[in-house]
Amino acid sequence: MKTLLLSAAKIILTLGLFTLALRSIDIGDVLLHIKRLPLSLLMLTAGLLVCQMLVSGIRLSAIAEMIASFVPLRTALRINWIGSFFSLALVTFVSGDVVRTIMLRRLCHLPMRDSIGTVTLDRAVGLLAILVIVSITAPWAIQLTGDDRIRRSIEVLAVIGALIVIGFALVGYLARHSRIVESVRAKIKGSKNVYVVLDVMTVARHLFDGRRELPKILVTSLLVQIINVTVIFFLINGMGAQVSIWQCMLIVPTVMLISLLPFSVAGWGLRESAMATGFALVQAPAAAAVAASVMFGVLTLLMSLPGGLLWWSSRIAMPPRSAEGI
């Protein structure tokens, strides 16, 4: 019942956010902008999103190898695609991560602790990549507006982002010292579940120990965000707006960061409102910004659909529960 109520609340909030995003925009104008998109541009952006899925699979494989053991790229890509499908198809925010954790355990025979650590670190470095970009580009983003409130908001977001990145690295560095971790465990005096929680909280320690895989993880994390920026750049310009790739770099990462907030279904509504507000700073039509956001969401959803078929085949291929590693 609690899950059902939460899902209903998210759906209602998503509809409300859509209404807010469209309050001063003619829906017909949004549809007109979408109709302007040439088929070739849609195919290009869809191809970029497929490449993004491949890049994400490379990152997941590298993180799994750093934490536990080697996971073939083909298997990592399959798991990531299935997780993406569940993240977009279900209302619950962490559904995709839960599925990826289970798939790593069953298909790759990783211990549950390592599966949780792999998915947690994968999610964390993806978030950190956005925060790094937002923090670095903040001085230029501030110049897009003369509104003091917006400028202060960008400054605060940049500072918070930088502090989170630094804090994450600091916790990971301290967690490398076994004495500190063991002293925390001794004070808590919990069960095995407490150790799992500690591993999740200190998952950043693996980044310091896995220096061979670290460059691959960092590059792929940044590349995922660059692909998002590029896709939005093609979509919004294909609808007639005149926006540079640099302006998209200043706006899109913040939009993606806002869309990760667990207040709506897969970021719908939040992303559209943020896009309309962000691109208004560069005088782009609000209808074009919302239309670009809608098409980004639709294309992302369509590109995730093969994950449903992969999940069905994986269900058949999964070993029985008695054969799972703990």
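Predicted model, so just to flag it, every value in this text is computed and none were measured. Basis for what follows: all heavy atoms, side chains included, without hydrogens, waters or symmetry-related copies.
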Criterion side-chain contact (heavy atoms from CB on, under 4.5 Å) on Cys248 and Val243, from CA distance to verdict: CA-CA 7 Å; Cys248 287; Val243 182; 3.7 Å; yes
Taking atom [atom1] of [X] and atom [atom2] of [Y], what is their separation to the nearest 0.5 Å?
X      : Y      : atom1 : atom2 : answer
Leu48  : Ile226 : CG    : CD1   : 12.0 Å
Met66  : Arg212 : CE    : CZ    : 11.0 Å
Ile63  : Glu213 : CD1   : CD    : 10.0 Å
Arg36  : His33  : CZ    : NE2   : 4.5 Å
Trp140 : Trp246 : CH2   : CH2   : 5.5 Å
Ile67  : Thr118 : CD1   : OG1   : 4.0 Å

Below 4.5 Å, heavy atoms only, C-beta onward: do [X] and [Y] meet side chain to side chain?
X      : Y      : value
Val71  : Glu65  : no
Phe85  : Leu310 : no
Met103 : Thr75  : no
Ser135 : Val165 : no
Pro285 : Asp29  : no
Phe296 : Asn228 : yes
Met275 : Val290 : no
Ile232 : Phe279 : yes

Verdict with reasoning, Ile34 to Met239, per side-chain contact (heavy atoms from CB on, under 4.5 Å): CA-CA 7 Å; Ile34 293 176; Met239 294 174 181; 4.3 Å; yes
Treat each ILVMFWY residue as a node, draw an edge where side-chain heavy atoms are under 4.5 Å apart, and state whether [X] and [Y] are in one component.
X      : Y      : result
Leu222 : Val219 : no
Phe168 : Ile160 : yes
Leu32  : Val294 : no
Leu49  : Val298 : yes
Leu302 : Trp312 : yes

For the side chain of [X] and the backbone of [Y], is there at least one donor-acceptor N/O pair under 3.5 Å apart?
X      : Y      : result
Ser304 : Leu301 : yes
Arg151 : Ile142 : yes
Ser84  : Asn80  : no
Thr101 : Asp97  : yes
Ser259 : Met256 : yes

Minimum heavy-atom separation for [X] to [Y], with atom names?
X      : Y      : answer
Gly161 : Leu131 : CA-CD2, 3.9 Å
Gln225 : Ile133 : CB-CD1, 3.6 Å
Gly238 : Leu41  : CA-CD2, 3.6 Å
Val229 : Pro253 : CG2-CD, 4.1 Å
Ile258 : Ala274 : CD1-CB, 4.0 Å
Gly96  : Ser87  : CA-OG, 3.1 Å

Working for side-chain contact (heavy atoms from CB on, under 4.5 Å), residues Ile251 and Leu144: CA-CA 10 Å; Ile251 296 169; Leu144 294 177; 4.2 Å; yes
Members besides Leu39 in its Ile/Leu/Val/Met/Phe/Trp/Tyr cluster (side-chain heavy atoms under 4.5 Å):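 Leu39 clusters with Met43.
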Lys/Arg-Asp/Glu bridge criterion (N-O < 4.0 Å) met for Glu155, Arg152: no
Residues Leu60, Arg100; criterion side-chain contact (heavy atoms from CB on, under 4.5 Å); working and verdict: CA-CA 10 Å; Leu60 183 65; Arg100 290 198 298 162; 4.0 Å; yes
Donor on one side chain, acceptor on other, Ser115 and Arg105, under 3.5 Å: no
Val50: partners by side-chain contact (heavy atoms from CB on, under 4.5 Å), with sequence neighbours left out: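 Checked Val50 against side-chain contact (heavy atoms from CB on, under 4.5 Å); matches are Trp81, Met303.
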